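In the text below, chain A, chain B and the rest are named by the order of the sequence lines, each starting its count at 1. As the structure is a computational prediction, the values presented were derived from the model and not from experiment.
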Amino acid sequence: MSSEQAARGVINLSESDSSLVNEIKELGGEELMECIQCAKCAAACPMVLAGFPFFNKRIIQAIFLGLRDALLDDSSIWACQSCNRCTEVCPREVNPFEIIQAMRRVAIREFALPTLSIEGLKSLYDTGHAVYLAGAGNTRVKVGLPEKPPSTVANPDALKELQAVIRKTALADLGIIPMDEPGV
Amino acid sequence: MKVGFFVGCNTAFNRPDLEQAVRYAFPALGIELDNLEGQSCCPSWGTMPSVDVVGWCAVGARNHTIAEEKGLDIVTVCGSCYGSLAESKYKMDTHPEIKAQVNEILKDIGREYKGTSNVRLTFYYLYHELGPDKIKEAVKHKLDGLTVALQPGCHTLWPSKVYYDKEEDTFHPRVLKEMCEALGATVGHYTRLIDCCGMGAMRSTDMEKSFKLVEKKLISMKNEVNPDLIITGCSSCLIQLDTAQDLLRSSKKINFEIPVLHFMQVLALCLGADPERVTGLAKTDVSRVVNRILEG
Amino acid sequence: MVMRTEFEPKIIAFLCNWCSYAGADLAGSLRFQYPPNVTIIRVPCSGRVSPLFILKALFAGADGVLVGG
Amino acid sequence: MPRIGVYICHCGENIAGAVNVEEVRKYAENLPGVVVARNYLFMCSDPGQELIKQDIRNGLIDRVVVAACTPRTHEPIFRKTVEDGGLNKYLLEMANIRDQDSWPHWHDKEGATEKAKKLVASAVAKAAFLEPLEDRFVEVTRASLVVGGGVAGMFAALDLANMGYKVYLVEKSPSLGGNMAKLDKTFPTNDCSACILTPIMVQVGTHPNIELLTYSEVESVEGSIGNFKVKVRKKQTYIDWDKCTGCGDCVNACPAKVPNEFNEGMDNRKAIYIEFPQAVPKRAVVDIEHCLSCAKRTIGTQPRIHSKTGEPILAPCEKACKTGACDRSREYNPEGEIVELNVGTIIVATGYKVMDKAPFKEYSPQSPNVITAMQLERILSATGPTEGHFHRPSDGEKPETIAFISCVGSRDKRYHTYCSKVCCMYMLKEARLIKEKYPETNIYIFFIDVRTGGKDFEEYYNYCRNLGIKMLRGRVGAVDELPGDRLRVRAYDVDLGAPVELEADLVVLATAIEPAPDLDELGRKLGITCGSEGFLKEMHTKLYPVETPVKGIYIAGCAQGPKDIPESVSQARAASSAAAVPLTLGKVIVEPLISEVNQRKCTGCGTCVQLCPYSAISLVEDKGRSRSKIDEAMCAGCGVCAAACPSGVITLHGFTNAQIHAQIKALAC
């Protein structure tokens, strides 16, 4: 559902998915049900100011009502900057940011994630950095630093270690990015 | 004094001049930096944290254990790394079952997360371990006569429950202000001080919407403070405020330019660092303000 | 699903009518859920609980005794 | 051989929804001593009770076990049933299969049923050892104590006094009045609070049956219904109240400045002060902590003598006092004086505290123009810091735009999870008072849910909306300080579906109603527990709302939970009526569940004498030997003596060793 549709269209509650609430709770949004929709988080949310159709309060309400498709068809959940101002002000200790993360986890389980996230995950697995600029070496040298930072990019063993860790996480089970054994 | 330096991605690849500033300033103040060899991404919010809690904590925990083995605290200059590392630590320290699952994963690579190292942010670390007075004594150049506007950054403040160093009042932060005042700057207050700059996931999702926030912020700074310089406490805010101005000017949203530097860059300059090395990658024109600092 | 083959201790609780017994009532009226393997004997005061009662309960087959007052 | 009847209640679905009642009934039928086991939808209903009575009358049974809810509420009902049937009423035992079984094990039907069987078996085992007992009576002291002199406490005191009973009214402040005395007007009729409260205060202050103990606090409570012994600490006022006329001359002379609690810290009072103009009793008090001891006149010392005039050198307050009430030579006594009272019943009406604004950093509490609603009451009040002129605190300018924020600290897991109940209405009231006086003022109320459940409240709300008061649904997220002492309020308007910002001159926080700070300590002294929200717990929310688990002690007003004035007064008058019953009867039944010593076998070791918390046991001489003697009137039936007696010769009726051993055996197998 695009933002225009979300604004105009009728949401059919009888087609809602009541399993969404439990899924969110299991994926890190334990405090979901504490929310009383007071809108204090929305008052503190940069996504509201920027004009995204879904944000903390609305995402939580949509989860309450089981509007899985409405949330998955919109990119809003991926725009949260994790500023956590909502978590700081929430009078119900809901951790709204954590609910958005949990909704992303739901989306990922349905392969509904933006290309940038896939690229970030791939880059994390391949280099150890979610943001990796292959051409950054020159810039680093220009300011007097070694071409590579002292991270996984400069330590093949450390990268192998990290990859071993990632291969034991849910990311591997989901098969979102290729995770070949190094050297295979 | 010694501390583990967590570089992260954006600083290492986008703004290595900021990395260089940290590498200059800390030793100049008598604090040795350990490289935490083999560190990886924190991991950043849009990656592992968006997949599952244990996976996020496991990648974070590997970084924590590197510091734990050396008996060092972690210090980072990036708000996102600060947030992600502090939050994964908080989760593992308050949820034994998460910690146990993480350690089950780490066992295979011979590591164990214990929770003995704290996660710190550069300017908070200096504020608490040295204090503004010692820094004042150590600098060669001062910001006397310069009016600055601050951008502390969301991750330096919230969620306060996960952080080791916290503001007394997270909605009226004082630490970065006191640090800049110690360097001699006049810190102007503007009413959108704690508003988000729009960097991060929002910018990658919708640049246009993200720029609405930085525009509002810059205009509030310009109208209420008219600063010579913007000083940030977070590397992500640095990138946003520094790169957005050119684009906002070309789309006629603003008609001014304010130089932007991270606090650690300003501190490095004050301590005598080579401006090319510690500020050389700024997109805004910082040359005039840098010269004034070096004269000050 | 928890397997019933797991050890399920049999606990006898001696609760004071005025505080902890009332507390157990309150837990019920608030619908707090806890396992059913604790049974309560109402006493007028935890001071009524003689050490003999505790020994007697353990000898008779209880795995644990709780005195609340 | 006892013949036991077992009666199992479905309690509608409350028990039957988790416990298989028929299975339990069949099980009970086969327990030793049981001759009949029945179940019924509501055992406490008339037909339910009739089942029991019939079985007794038919000579079928001589012991009764009722498996139903908690005996703490229903034992008296079934005892009466048993008695009406013709049996001694103590031949009843209850099995608590609702509060302690079906409810907390709702999702484990099998476990709940098995547990119900055990509880029934335990009750049956005990029932076999039940013995008939006779009630005893104690004389009642025909006087009552009311703790708290706010509107609830005053009405409770007046009602009892008007019935002819002696009432002691203890109030911790120097004057009566409580929180209501601070209010400007009161919803839903907009009566002037002082105008309706002051006459009540005067009535209380002058009533021949009421003894006022203001500036006093309850120190300890002993005894039980009919005969409570209460120690009250009268704090030292350092003024002779018999001589003080409340003229205020000493107050005018005092140079010390102290933040004025009555005006919520918005102006100063003196160190010697009269709480507020309409105070009852209108007497001065010296706040010794802030007293400057002018002219080196430390309390408790003799004045120095002027070397030239030979006159004593007095402090300004002493000099100003024309009646000699203010005499600083009086003894320095911060401990005050202990007064002992004997009363038959006690009513607790200690009120509430308004939550402070300081914790809400996101609302910029450091700004003087961010105030609590109680502070606004004082600003609006003619006796307040601005004498009723509507000025904002920072610069005395009249605010043009005002934002009210609801639920500050209420419905908030970090502070108070409950709804403070009165905030919606008092925000509307304050907004209306301002709007009626200054129609050009822009008023915005940011709320979550407007709760106007109460007689004439919804009409009041609609009236306010018609005045042009703007209502926005959405809890405010931030208040930023702007230049010019203005404030920016930021919220998300749920109904517009948009973020909103408002520049205001004054922000009013509807902070929560909190339990009074020392309420839990008072509760401990009285033996009444506080609920998780910190207010005193009533016996039963619906049926016994003014009773407490301690017989003879009643509660009223906000000590029990947030309430408005109409509710507080209603509850106070209900409490006074309940508290009058034992006074009117003149005697109360005391359950015979007390200890008895078998004197013939007593060795006179004295262990029980030392352990008895009620000093009910003494050693007496009997044929040249020492024996324990238990004073029946003083025994509270705790059973400490029975547990401790090395010879095992003390029996606690109703909880005998044989009874408890039988229960243990039934539960442990």
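- Neither the backbone nor the side chain of A:Asp157 comes within less than 4.5 Å of any heavy atom in chain B.
- When heavy atoms are compared at a cutoff of 4.5 Å, B:Arg23 approaches chain A solely by way of its side chain, counted from C-beta outward.
- The minimum heavy-atom distance between A:Arg68 and A:Ser19, with the atom names listed, is NH2-OG, 3.3 Å.
- Interface remark: B:Asp195 contributes backbone and side-chain atoms alike to the contact with chain A (heavy atom separation under 4.5 Å).
- Using a 4.5 Å cut-off between heavy atoms, A:Pro46 contacts chain B through both its backbone and its side chain.
- No side-chain donor-acceptor contact under 3.5 Å links B:Arg203 and B:Ser210.
- Contact of A:Ala170 with chain B is made through backbone and side chain together, with heavy-atom distances under 4.5 Å.
- Interface residue B:Leu36: only backbone heavy atoms are found under 4.5 Å from chain A.
- In this structure, the ring of B:Phe26 has its center no less than 6.0 angstrom from the ring center of B:Phe5.
- Interface remark: of the candidates A:Thr152, A:Asn155, A:Ile108, A:Thr152 forms the most heavy-atom pairs closer than 4.5 Å to chain B.
- In terms of heavy-atom pairs under 4.5 angstrom with chain B, the leader among A:Pro156, A:Ala50, A:Ser123 is A:Ala50.
- With 3.5 Å as the limit, one finds a donor-acceptor pair spanning the side chains of B:Ser88 and B:His64.
- Comparing B:Ser236, B:Gly198, B:Pro159, B:Ser84 by heavy-atom pairs within less than 4.5 Å of chain A, the highest count is held by B:Pro159.
- Among the candidates A:Ala79, A:Ala136, A:Ala44, the residue making the largest number of heavy-atom pairs closer than 4.5 Å to chain B is A:Ala79.
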Self-check item: CA sep, side-chain torsions, deciding dist, call: A:Cys90, A:Glu88, side-chain contact (heavy atoms from CB on, under 4.5 Å)
Solution: CA-CA 6 Å; A:Cys90 176; A:Glu88 192 76 4; over 6 Å; no
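- When atom types are taken as modelled, the side chain of B:Thr279 and the backbone of B:Pro275 share a donor-acceptor pair closer than 3.5 angstrom.
- For the residue pair B:Ser50/A:Arg104, the side-chain donor-acceptor check at 3.5 Å is satisfied.
- When heavy atoms are compared at a cutoff of 4.5 Å, B:Arg15 does not approach chain A at all.
- Counting heavy-atom pairs closer than 4.5 Å to chain A, the top-ranked of the candidates B:Gln101, B:Glu19, B:Glu87, B:Glu276 is B:Glu19.
- Of the listed residues A:Leu145, A:Thr169, A:Leu113, the one with more heavy-atom pairs under 4.5 angstrom with chain B than any other is A:Leu145.
- When heavy atoms are compared at a cutoff of 4.5 Å, B:Val51 approaches chain A by way of both its backbone and its side chain.
- In summary, of the residues considered (A:Val106, A:Ile100, A:Ile24), a side chain to side chain contact (heavy atoms under 4.5 Å, CB included) with A:Ile63 occurs for A:Ile24 alone.
- Judged by distance alone, the side chains of B:Lys161 and A:Asn84 never bring a donor and an acceptor atom under 3.5 Å apart.
- Contact of A:Leu27 with chain B is made through the backbone alone, with heavy-atom distances under 4.5 Å.
- Between chain B and the residues A:Met103, A:Arg140, A:Met47, the most heavy-atom pairs under 4.5 angstrom are made by A:Arg140.
- Of the two parts of B:Ser160, the backbone and the side chain both hold a non-hydrogen atom closer than 4.5 Å to a non-hydrogen atom of chain A.
- Stacking of B:Lys209 on the aromatic ring of A:Phe52 is recorded, both the 6.0 Å distance cut-off and the 45° axial limit being met.
- Ring-plane geometry between A:Tyr132 and B:Phe13 is classed as perpendicular, the angle between the planes exceeding 60 degrees on a 0 to 90 degree scale with a lower cut at 30.
- Relative ring orientation between B:Tyr82 and B:Tyr163 is described as parallel, the plane-to-plane angle staying below 30° on a 0-90° scale split at 30° and 60°.
- If you measure heavy-atom distances from B:Lys212 to chain A, the contacts under 4.5 Å come from the side chain alone.
- The closest side-chain donor-acceptor pair between B:Tyr113 and B:Arg62, if any, does not fall under 3.5 angstrom.
- A:Glu15 and A:Asn12 share a donor-acceptor pair across their side chains, judged by distance under 3.5 Å alone.
- Using a 4.5 Å cut-off between heavy atoms, B:Ile105 touches chain A through backbone and side chain atoms alike.
- For A:Leu124, the part lying under 4.5 angstrom from a heavy atom of chain B is the side chain only.
- Residue with the most contacts toward chain B among A:Cys80, A:Ser76, A:Ala130, A:Ser151: A:Ser151 (heavy-atom pairs, distance under 4.5 Å).
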Exercise. Would you sort out whether B:Ser220 and B:Arg192 count as a side chain to side chain donor-acceptor pair (under 3.5 Å), showing the intermediate values?
Key: CA-CA 6 Å; B:Ser220 171; B:Arg192 302 205 185 265; 4.9 Å; no
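- Heavy-atom distances place the side chain of A:Thr87, and not its backbone, under 4.5 Å from chain B.
- Proximity to chain A (any heavy atom under 4.5 Å) is shown, for B:Phe6, by neither the backbone nor the side chain.
- Contact annotation for A:Lys148: neither backbone nor side-chain heavy atoms come within less than 4.5 Å of a heavy atom of chain B.
- For B:Thr205, the part lying under 4.5 angstrom from a heavy atom of chain A is the side chain only.
- Residue contact with chain A, scored on non-hydrogen atoms closer than 4.5 Å, involves the backbone and the side chain of B:Met48 alike.
- With a 4.5 angstrom heavy-atom cutoff, A:Leu174 touches chain B only via side-chain atoms.
- Looking at A:Glu98 and B:Lys91, a side-chain N of the basic residue comes within less than 4.0 Å of a carboxylate O on the acidic one, giving a salt bridge.
- Contact of B:Asp52 with chain A is made through backbone and side chain together, with heavy-atom distances under 4.5 Å.
- Looking at A:Leu116, the atoms closer than 4.5 Å to chain B (heavy atoms on both sides) all sit in the side chain, from C-beta outward.
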